[in-house]
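For this chain, numbers begin at 1 and follow the sequence in order. First listed ligand is number 1; within each ligand, the first listed atom is number 1.
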Amino acid sequence: MEKKNIDWSNLGFGYIKTDKRYVSYYKDGAWDEGALIDDPMITMSECAGVLQYAQTCFEGLKAYTTADGHIVVFRPDLNAERLENSAKRLEMPVFPKDRFIDAVVKTVKANDAYVPPYGTGATLYLRPYMFGKNEVIGVKPADEYEFRLFTTPVGPYFKGGAKPLTIKISDFDRAAPHGTGNVKAGLNYAMSLHAIVTAHNEGYDENMYLDPASRTKVEETGGANFLFITKDNKVVTPKSDSILPSITRRSLMYVAKEYLGLETEEREVYLSELDDFAECGLCGTAAVISPVGKIVDHGREICLPSGMNEMGPVTKKLYDTLTGIQMGKVEAPEGWIKVIE
Ligand code: PLP
Ligand code: COI
């Protein structure tokens with residue numbers, strides 16, 4: 001396969017149409033066999049469930065070119081499981097795990113010319129999603145659904161790549177107690193749009209959301225979980241029922257403990273502790289680990305000792321080990337890497 005003529009090293013995090021996308025339709029209680037198609041456009045009723053009541057959920061994962069030239073995806077089984085949880089929470093039918101993984105493999109293979117070459121810093125982002133498609137006017141779940149998966153080559157999520165970010169503590173919440181914060185529902189992201197536009201207008205890169213019940217504890221950002229490093233090199237991540245269980249964060253906690261021999265803690269993290277940490281990072285598929293240099297709490301600046309010029313040393317080790325596993329330079333734990341034959 002000949003690679004597309006794309007300036008891989010200068011890609012941002014945007015949408016570039018690729019050749020094929022996967023689609024499967026759910027009707028009369030069953031998914032059809034699914035197919036790869038060419039048409040990126042979707043036509044639906046003005047009264048479709050997704051348009052009226054936001055019945056939609058999605059996933060995000062990446063395909064990588066390894067140092068020895070294979071194309072691989074990272075832990076797609078966990079994305080399948082999380083999509084299952086999201087679907088159940090939104091009263092949508094489950095798209096089976098084996099079908100999900102098959103769709104990932106087929107769509108990546110069909111778009112292999114768009115998988116960025118090794119060493120460019122870019123990856124192929126995969127966006128699986130589901131939505132209610134038939135007409136719904138009373139508030140209830142749809143009867144017909146579409147599962148889709150498209151791909152787009154991407155570079156770093158934050159402009160400036162690994163440059164430390166400045167974030168603000170938001171006065172808005174992205175999730176409610178006992179709401180949908182722990183699943184990947186489109187509505188959570190709609191909730192966050194005003195907050196992120198406000199933060200950007202004020203010159204911040206991202207928001208830190210607090211726990212919606214007491215607003216005393218750290219939750220996550222609009223698209224990534226937090227990792228903190230204590231001054232004695234412990235890796236700490238917030239525990240909460242209203243944050244998304246990030247696959248990157250779970251993988252990094254394992255890497256910290258099993259590869260780097262660091263102590264790890266998943267626990268409630270209070271706002272009042274922020275002054276004590278040595279490093280802070282945002283972790284997610286899109287964000288990988290993006291270092292945070294400064295957190296602003298209503299004008300009060302909390303400057304992380306790792307500074308505004310580069311990643312802190314522990315964050316860097318975590319970053320190098322995780323991306324090393326994803327790019328085939330560091331041996332992966334059993335089952336983490338799916339090679340696309
Ligand atoms: N938190 C939110 C709100 C997200 O949207 C994402 C992205 O998927 C994450 C965390 C990171 O999750 P993952 O590492 O599975 O991509
Ligand atoms: C991802 O990391 O896959 C996400 O869905 C986050 C989003 C902000 C792009």
| request: Determine the interplanar angle of the Phe147 and Phe95 rings, folded into 0 to 90°, and report it as parallel if under 30°, tilted if 30 to 60°, perpendicular if over 60°. | output: parallel
| query | Is the number of heavy atoms from other residues, nucleotides or ligands under 6.0 Å of Lys338 NZ greater than 12? | reply | no
| query | Is the Phe13-Tyr157 ring centre distance short of 6.0 angstrom? | reply | yes
| request: Flag Lys184 as yes when one of its N or O atoms lies below 3.5 Å from any N or O atom of ligand 2, and as no otherwise. | output: yes
| What part of Ala224, side chain, backbone, both or neither, has a heavy atom within less than 4.0 angstrom of ligand 1? | backbone
| Ionic contact status for Glu310 with Lys316, cut-off 4.0 Å | no
| query | Is ligand 1 less than 4.0 angstrom away from at least one heavy atom of Ala286? | reply | no
| request: Pick, from Gly284, Gly223, Ala224, Cys283, the option with the minimum heavy-atom distance to atom 6 (C) of ligand 2. | output: Gly223
| query | Counting only heavy atoms not in Tyr26, do more than 12 sit closer than 6.0 Å to its OH atom? | reply | yes
| Residue pair Asp205 / Phe158: nearest heavy atoms and the distance that separates them | O-CE2, 4.1 Å
| field | Ala286-ligand 2 polar pair, N/O distance under 3.5 Å | value | yes
| So which protein heavy atom does atom 8 (C) of ligand 2 come closest to, and at what separation? | Tyr157 OH, 3.3 Å
| message | Show me which atoms of ligand 1 lie under 4.0 Å from any heavy atom of Gly222. | response | 3 (C), 5 (O)
| message | Under 4.0 Å from a heavy atom of Arg127: which atoms of ligand 2 are those, numbered in the order shown and with their elements? | response | 5 (O)
| task | Could you say whether the N/O atoms of Arg82 and ligand 1 ever approach to under 3.5 Å? | result | yes
| request: Considering only non-hydrogen protein atoms, determine which one is nearest to atom 1 (N) of ligand 1 and report residue, atom name and distance to 0.1 Å. | output: Glu220 OE1, 2.5 Å
| request: Give a yes/no verdict on whether any heavy atom in Arg250 is under 4.0 Å from an atom of ligand 1. | output: no
| Any idea which protein heavy atom is nearest atom 6 (C) of ligand 1, and the distance to it? | Gly223 O, 3.2 Å
| Is the count of non-hydrogen atoms from other residues, nucleotides or ligands lying under 6.0 Å from Glu46 atom CD greater than 12? | no
| query | Short list, please: which atoms of ligand 1 are under 4.0 Å from a heavy atom of Asn225? | reply | 1 (N), 10 (C)
| query | Which atoms of ligand 1 sit under 4.0 Å from any heavy atom of Gly284? | reply | 11 (C), 14 (O), 16 (O)
| message | Looking at Asp276, I'd like to know if its CG atom is crowded, meaning that more than 12 non-hydrogen atoms belonging to other residues, nucleotides or ligands lie closer than 6.0 Å. | response | yes
| Min N/O separation Thr248 to ligand 1 under 3.5 Å | yes
| query | Is there a side-chain hydrogen bond (donor to acceptor under 3.5 Å, both in side chains) between Asp19 and Tyr114 once you walk through the steps? | reply | CA-CA 9 Å; Asp19 294 341; Tyr114 292 90; 2.9 Å; yes
| Closest approach of Lys168 to Glu202 (non-hydrogen atoms, all atoms of both residues) | NZ-OE1, 2.8 Å
| Nitrogen or oxygen atoms of Pro245 and ligand 1 under 3.5 Å apart | no
| For atom 8 (O) of ligand 1, what's the nearest protein heavy atom and its distance? | Lys184 NZ, 2.8 Å
| Whether Tyr125 lies under 4.0 Å from ligand 2, heavy atom | yes
| query | Is the closest heavy-atom distance from Glu59 to ligand 1 below 4.0 Å? | reply | no
| Audit row: Arg215, Asp173, salt bridge (charged side-chain N to carboxylate O under 4.0 Å, His left out) steps and yes/no | CA-CA 9 Å; Arg215 312 202 96 251; Asp173 295 324; 3.0 Å; yes
| request: Would you mind running through ligand 2 and noting each atom that sits below 4.0 Å from a heavy atom of Phe58? | output: 5 (O)
| message | For atom 5 (O) of ligand 1, what is the closest protein heavy atom, and at what distance to 0.1 Å? | response | Tyr189 OH, 2.4 Å
| Is it true that Lys97 and Glu81 make a salt bridge, defined as a side-chain N closer than 4.0 Å to a carboxylate O? | yes
| Any idea which protein heavy atom is nearest atom 16 (O) of ligand 1, and the distance to it? | Thr285 OG1, 2.5 Å
| request: Start with the C-alpha gap between Lys184 and Tyr189, add the side-chain angles, then the distance that decides, and say whether side-chain hydrogen bond (donor to acceptor under 3.5 Å, both in side chains) holds. | output: CA-CA 9 Å; Lys184 214 162 162 54; Tyr189 299 81; 3.0 Å; yes
